[in-house]
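Take a look at the structure below.
Protein chains get the first letters and strands the later ones, always in sequence-line order, with residue 1 at the start of each.
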Number of protein chains: 2
Amino acid sequence: MSQPQQERSRATRQRLLDATVESLAEVGWAGTSVVGVAARAGVSRGAAQHHFATRDDLVRAAVESVLDELTRHMVHRESDLDQGKERPLAVVEMLAEMWASSFGKAATHLWVAASTDPSLRDLVLPLEKRFSRELFRATADLLRVDRQEPAAVQSVRLTIDLTRGVGLGTLLHPDLQRRKAELAQWAAVLATIPGIGV
Amino acid sequence: MSQPQQERSRATRQRLLDATVESLAEVGWAGTSVVGVAARAGVSRGAAQHHFATRDDLVRAAVESVLDELTRHMVHRESDLDQGKERPLAVVEMLAEMWASSFGKAATHLWVAASTDPSLRDLVLPLEKRFSRELFRATADLLRVDRQEPAAVQSVRLTIDLTRGVGLGTLLHPDLQRRKAELAQWAAVLATIPGIGV
DNA sequence: ATGAAAACAAGCAGGAGTGCTTGCTTCAGT
DNA sequence: ACTGAAGCAAGCACTCCTGCTTGTTTTCAT
């Protein structure tokens, strides 16, 4: 029954993917090498070579992994919102946490690197487009946005871009206190916009 | 009179700095090499070596150049605001243009790279701290913010982080139409916040 | 006009990353 | 127990970037 061998293979593959994301978040795109990732995953270089024939293969799988994870972070998370807070604030903080996570940081590095590397760009662009749509939909759902209100719809985009901008700032100096206050202010503004929170 | 030689030297140095910024904006931090910058500037490799002994020297000068230029982009630009638009919208668009410029893109790349490269981080952090202060002050001035209103002060930070987030998105796909609408929505929100625009 | 200094060009060695190839070890199926 | 495939380690060649060093041209001062 089952296939311990294949199971082992799958586990190694997953470790490699996780290590890639970790590497992207910690040392960035340029600093991420196959050697480094293999060392992080605790596997040999040949093992990595076996699972992902080329560096591009590893990257492709890692990008998909990152965007899948980010999508999971927001889609249908209704029940995971902080119940002790107003809904807009809870959603905004959930978004901010997403960007601050390893996956969010990795995504930021990938994003910036893709803006200059044509081949990476070709790889990331279509995946990101889908992710962007799903993130928008998920955020709009959590915020209970009335799609008939242009201002409310636009505010969803503002929320996403703002939290991403805040996340970018957090990369360099994680000034939690200030960020918290900033996000709270935005959440307060959000609450006043017609078409939000039903 | 004067020293044509030294003037020529100064011009070459400036060309190298401009080429560095251009390189950062176009091919990013990792893609920026001394050789590439020299080629961009139309100067020989030896010339670059002469002006900036080491790569770090070039980088240091380039970072200062970038932040100086960005500061100039917003400080005391009262008279350059688009007079045909409401003040908040004009200021927001000026900020967005700043991040979309070569200097803004270069700054984004530097920012992200510095988050992983310790030595670059040490170089960028203090300079960025000063820049951040001046940008805040300049933006608050242009928006005519009442510093006694916490919400208004917080909104300045939101405006800066938001435009930076939008700029990050623009790096990959410059969807001008959508961004314009988004910024307009934010400007409209800004106008409703007490303590803004006097 | 001539010598000195600055500006510039080009070649060279060291280091790092990538991908390929060669062997050795472990495990599933017979 | 045996065979074949997967997992794994190590070495090699190639490329690119960096920094150093030498040689040539241009410019200024006398």
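One interatomic measurement links the two molecules: CZ of B:Arg55 to P of D:dC16, which rounds to 17 Å at whole-angstrom precision. Look at CH2 on B:Trp29: it is 14 Å from P on D:dC17, rounded to the nearest Å. Whole-Å rounding puts the A:Arg13 CZ to D:dC8 P distance at 14 Å. Straight-line distance from the CG atom of A:Asp56 to the P atom of C:dC20: 11 Å, rounded to whole Å. Rounded to whole Å, atom P of C:dT18 lies 14 Å from atom CG of A:Asp57. Atom CD in B:Gln49 sits roughly 15 Å away from atom C1' in C:dA6 (whole-Å rounding).
Contact of A:Arg45 with C:dG19 (side chain to base): a donor-acceptor pair of N or O atoms is detected under 3.5 Å.
When the side chain to side chain donor-acceptor pair (under 3.5 Å) test is applied to B:Glu26, the partners found at least two apart in sequence or on another chain are B:Arg40. Applying the ring-ring contact (aromatic ring centres under 6.0 Å, His included) rule to A:Trp99 yields no partners; only residues at least two apart in sequence or on another chain are considered.
Among the nucleotides C:dG19, D:dC8, D:dT18, the one closest to any side-chain atom of B:Val35 is D:dT18. Listed candidates were D:dC8, C:dG19, C:dT18. Nearest to the side chain of A:Ser33 is C:dT18.
Applying the 4.0 Å criterion to OP1 and OP2 of C:dC8, one finds that B:His51 has a side-chain N or O inside that range. In terms of phosphate contacts, A:Thr54 brings a side-chain nitrogen or oxygen within less than 4.0 Å of OP1 or OP2 of C:dG19. The side chain of B:His50 contributes no N or O atom lying less than 4.0 Å from OP1 or OP2 of C:dC8.
Residues A:Glu93 and A:Arg179 are not paired through a salt bridge, judged by the lack of any N-O separation under 4.0 Å between the basic side chain and the carboxylate.
Between B:Trp186 and A:Trp186, the gap from one ring centroid to the other is short of 6.0 Å.
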